[in-house]
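To start, the structure under review is shown below, and the notes come after it.
Sequence positions, counted from 1, serve as the residue numbers for this chain. What's counted below: heavy atoms across the whole structure, side chains too, no hydrogens, waters or symmetry copies. What you see is a predicted model; the values in this text were computed from it and never measured.
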Amino acid sequence: MESYTIGQAARLLGVSVDTARRWADAERFPTRREGTRRMVDGPDLAAFCVEAAQEGAEGDEAPYTSARNAFPGIVTGVKLGTVDAQVEIQAGPHRVVSLLTREAVEELGLEVGSRATARVKSTSVFVDRG
């Protein structure tokens with residue numbers, strides 16, 4: 001079974017180490033000591049990730065969509081072409097780049113600094129063990 005330090009857990013959760021420590025102190029997920037380090041077991045961290053994602057979605061009005069992989073973030077780049085456009089979104093630790101029509105970018109009012117959610121639905125997903 002894989003285990004993670006609080007720092008590694010924080011990176012995977014997309015929060016600061018201080019936030020991860022506060023959550024652990026509040027017993028939102030279990031930790032154990034290995035010498036001087038606090039460790040989180042992989043299955044416990046995975047369960048907390050699912051719980052935290054569900055909590056975050058409760059306040060948002062969910063759009064009607066079949067795409068389940070949502071990456072809320074902030075637009076960090078927009079390149080407009082004559083017909084097409086490239087939009088870059090920073091979603092926590094993830095950088096998502098999308099190619100779409102210029103018309104769609106204009107209709108959505110996307111510009112650097114706008115909040116946006118990248119939704120991904122794909123038939124090809126590659127998974128690396130990290």
Side-chain angles (χ1 to χ4, degrees):
M1 172 176 44
E2 196 154 350
S3 296
Y4 301 92
T5 65
I6 291 290
Q8 291 170 323
R11 278 190 297 283
L12 291 168
L13 290 164
V15 299
S16 71
V17 174
D18 288 338
T19 296
R21 280 193 193 111
R22 281 193 298 274
W23 286 347
D25 291 343
E27 299 180 357
R28 292 197 59 197
F29 56 85
T31 61
R32 60 182 167 71
R33 290 272 178 196
E34 261 184 33
T36 59
R37 299 180 119 180
R38 287 171 75 178
M39 303 297 290
V40 183
D41 290 332
D44 293 328
L45 183 59
F48 177 73
C49 286
V50 170
E51 178 186 314
Q54 289 171 343
E55 285 175 8
E58 286 175 1
D60 299 335
E61 186 175 313
Y64 294 102
T65 178
S66 64
R68 298 293 181 239
N69 303 309
F71 297 90
I74 188 167
V75 175
T76 56
V78 177
K79 294 179 184 171
L80 295 175
T82 306
V83 176
D84 61 345
Q86 177 180 311
V87 176
E88 184 176 317
I89 298 172
Q90 191 66 40
H94 308 289
R95 176 179 168 257
V96 181
V97 179
S98 179
L99 300 176
L100 55 162
T101 65
R102 179 185 181 120
E103 180 182 14
V105 171
E106 291 170 348
E107 284 179 4
L108 292 169
L110 296 177
E111 57 187 28
V112 172
S114 300
R115 282 189 291 166
T117 300
R119 295 195 182 278
V120 180
K121 186 168 185 177
S122 176
T123 56
S124 298
V125 176
F126 299 89
V127 177
D128 295 335
R129 179 165 160 72

inquiry  = Quick check: closest heavy atoms across Gly109 and Ser114, and the distance to 0.1 Å?
reply    = O-OG, 3.6 Å
inquiry  = Just verifying a value: how many Å separate Trp23 CH2 and Asp18 CG, rounded to the nearest 0.5 Å?
reply    = 12.0 Å
request  = Taking the side chain as every heavy atom from C-beta outward, state whether Phe71 and Ile89 have any pair of such atoms under 4.5 Å apart.
outcome  = no
request  = Mind listing the closest non-hydrogen atom pair of Ala24 and Thr31 along with its distance?
outcome  = CB-CG2, 3.7 Å
task = Provide the full list of side chain to side chain donor-acceptor pair (under 3.5 Å) pairs with a residue in residues 100-110, sequence neighbours left out, each pair given once.
result = Arg102-Glu106
inquiry  = If hydrophobic clusters are built from ILVMFWY residues whose side chains come within less than 4.5 Å, do Val17 and Phe48 share one?
reply    = yes
key: Nearest heavy atoms of Pro72 and Ala91, plus distance in Å   = O-CB, 3.4 Å
inquiry  = To check you understand the geometry: which heavy-atom pair defines the closest contact between Thr76 and Gln90, and what is its length?
reply    = CG2-CB, 3.7 Å
ask   = Crowded around Arg37 CZ? As in, over 12 foreign heavy atoms under 6.0 Å?
value = no
ask   = Would Arg22 and Asp25 satisfy salt bridge (charged side-chain N to carboxylate O under 4.0 Å, His left out), going step by step from the backbone distance to the final call?
value = CA-CA 5 Å; Arg22 281 193 298 274; Asp25 291 343; over 6 Å; no
note = Value for CE (Met39) from CZ (Arg32), rounded to nearest 0.5 Å, stands at 6.0 Å
query = Above 12 or not: heavy atoms from other molecules or residues under 6.0 Å from CZ of Arg28?
reply = yes
inquiry  = Test your reading of the model: is there a side-chain donor-acceptor pair from Asp41 to the backbone of Ser3, 3.5 Å cut-off?
reply    = no
message = I need the Leu45 CG to Tyr4 OH distance, nearest 0.5 Å.
response = 7.0 Å
request  = Check whether more than 12 heavy atoms from other residues, nucleotides or ligands sit under 6.0 Å from atom CZ of Arg33, and answer yes or no.
outcome  = yes
message = Is any side-chain heavy atom of Lys79 closer than 4.5 Å to one of Glu88?
response = no
inquiry  = Could you check whether any side-chain heavy atom of Leu99 comes within less than 4.5 Å of a side-chain heavy atom of Asp84, counting everything from C-beta outward?
reply    = no
Derivation of the side-chain contact (heavy atoms from CB on, under 4.5 Å) call for Val87 and Val97 = CA-CA 6 Å; Val87 176; Val97 179; over 6 Å; no
ask   = Do Ile6 and Val40 touch side chain to side chain, with heavy atoms closer than 4.5 Å?
value = yes
request  = Compare every heavy atom of Ala85 with every heavy atom of Leu80, then report the nearest pair and how far apart it is.
outcome  = CD2-CB, 3.8 Å
ask   = Between SG of Cys49 and CG of Leu13, what distance do you get to the nearest 0.5 Å?
value = 4.5 Å
inquiry  = How close do Val75 and Ala116 get, counting heavy atoms only, and between which atoms?
reply    = CG2-CB, 3.8 Å
